[in-house]
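Accompanying notes for the structure given below.
This structure is a prediction, so every number in the text was calculated from the model and none was measured. Order of the sequence lines sets the chain letters (A, B, ...), proteins ahead of strands, with each chain counted from 1.
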There are 2 protein chains.
Amino acid sequence: MPQDTADPVGGRAWQRRKRLDHILATAERVFAEAGFEGASMAELAAASGLPKANLHYYFGTKEALYTALLDSILDLWLSATDSIRPEADPAQALEAYIRTKMLWSRSRPFASKVFANEVLHGATHLRSYLAGPLRTLVQEKSRVVQGWIDAGRMQAIDPPHLFFAIWAMTQTYADFSVQIGAVLNRPELLPEDHAAGTDTILQLVLRGCGLEPQEPLPVAEAGRAAVAPPRRRRRG
Amino acid sequence: MPQDTADPVGGRAWQRRKRLDHILATAERVFAEAGFEGASMAELAAASGLPKANLHYYFGTKEALYTALLDSILDLWLSATDSIRPEADPAQALEAYIRTKMLWSRSRPFASKVFANEVLHGATHLRSYLAGPLRTLVQEKSRVVQGWIDAGRMQAIDPPHLFFAIWAMTQTYADFSVQIGAVLNRPELLPEDHAAGTDTILQLVLRGCGLEPQEPLPVAEAGRAAVAPPRRRRRG
DNA sequence: GTCTATAATATGATAGAC
DNA sequence: GTCTATCATATTATAGAC
């Protein structure tokens, strides 16, 4: 061992990274449930099984820990729109986007809640992200959607507001899961609830954009037997 | 003045009521911006122009003030679904409901944020409301919607999840206004932004439920001129 | 690098003068 | 009824032993 700058796999830096990730994962849950001010360093320490001072050693301040957590969430956030490309089929692209967002609401509900809490309270730590990368992304993807509209490939709609609607409908299954669970009379949301939500959102967006196969419409002519529900795959 | 139990208009009780309402109105804004733990009694006092002890005199504890505020918000909340009645026209009823919800997102954004914050953090103070009056209401209104579907008056859809989607899309213009404003590059949302949002939500829901006049659909046949946007009244 | 003990401050709540 | 002064506690943060 001629040099002590070496840091092989399993070394100190890796140990450190592992501990940082463990703290961040715990903080995601605690901050999601209590908010920034509602969560105390004592609570965060207890939840991660470490002494309070240890958290300060790794992150300095509570706010630094919080912003590190936000950064780790935003990394994930921007990549979801990959399916929205000019050459893609509009229906398939929107469906893939909605399914991806719904998957995250189920797999990363705490991340969604931390983000929601931050925006709800003014996005003090997110201003530059919202007005920067996010706005750029929405502008870019809106041009793609507008291109589909101009080419007659889908019904006209205001593209940015379409994105706002999709974000709202998908993220509500994470952020407002307590309300949805209470209304559906469940202790917590089941996979089939997410599946039914996905079906509903897909129907609203795809039909709303004129992208669903238009089955015989039940317009003014009642008296017919109830139309069969347009059940999609992955039904619960 | 033979009896001192009299309390005419302009009397002490009225003064008291006025002051309570003033405190609640201020608290709505402060709690919306900071959350329950994030808002301090000192901040609430400063915002309402009263000494801290005065707030404690009127409400006792911070939590009592907060729950009083929540109650005043819930009173408003349940009345929005009045238009959803069996004999109503589905399209008109849903449109009226969506417009009412959007109006509140514009006129009472702080109330919406307080509610959102409470649900986001587990709805500790709202459990009985969510599992009680709200669930009952959703069940009742879902039967109405299912009746419309069974009568062939609209496309099949999962009624509770339709309500979740409408809540999410409309309330996002209050709860996430900071994000929407940042993306649209505005210091704050303009009336025309709310109008464009209303148009988008109406299109998704009404067309999504098979309730919009089905204009010539731009299905597979491109090469045609861009279809005219289905602009609704009150456009910005 | 890790953790116990403690400092410095902010907060919810109240006693008691007016 | 109203408000100033103050208490008791909880919180962030750090000093310093190991």
Check your understanding: Got a sec, which pairs hit side chain to side chain donor-acceptor pair (under 3.5 Å) with one end in residues 124-137 of chain B, sequence neighbours left out?
Key -> A/Asn185-B/Arg135, B/Glu63-B/His125, B/Glu118-B/His125

Review point. Please, which pairs that meet salt bridge (Lys or Arg N to Asp or Glu O under 4.0 Å) have at least one residue in residues 24-41 of chain A, sequence neighbours excluded?
Key: A/Glu28-A/Arg108

Review point. Quick one: A/Leu65 CG to D/dT12 P, roughly how many Å, whole number?
Key: 11 Å

Point to revise | Under the salt bridge (charged side-chain N to carboxylate O under 4.0 Å, His left out) test, residues paired with B/Asp21 that sit two or more places apart | key: B/Arg17

Exercise for review: Sugar-phosphate means primed atoms, P, OP1 and OP2; the rest is base. With that split, encode nucleotides 1-15 of chain C 5' to 3' as B, S or - using protein heavy atoms under 4.0 Å.
Suggested key: SBBB-------BBB-

Point to revise | Residues forming a salt bridge (charged side-chain N to carboxylate O under 4.0 Å, His left out) with B/Arg186, sequence neighbours excluded | key: B/Asp193

Exercise for review: Just grab all the side chain to side chain donor-acceptor pair (under 3.5 Å) pairs involving residues 162-183 of chain A, residues at least two apart or on different chains.
Suggested key: A/Tyr97-A/Trp167, A/Lys101-A/Gln171, A/Ser112-A/Asp175, A/Tyr173-B/His161

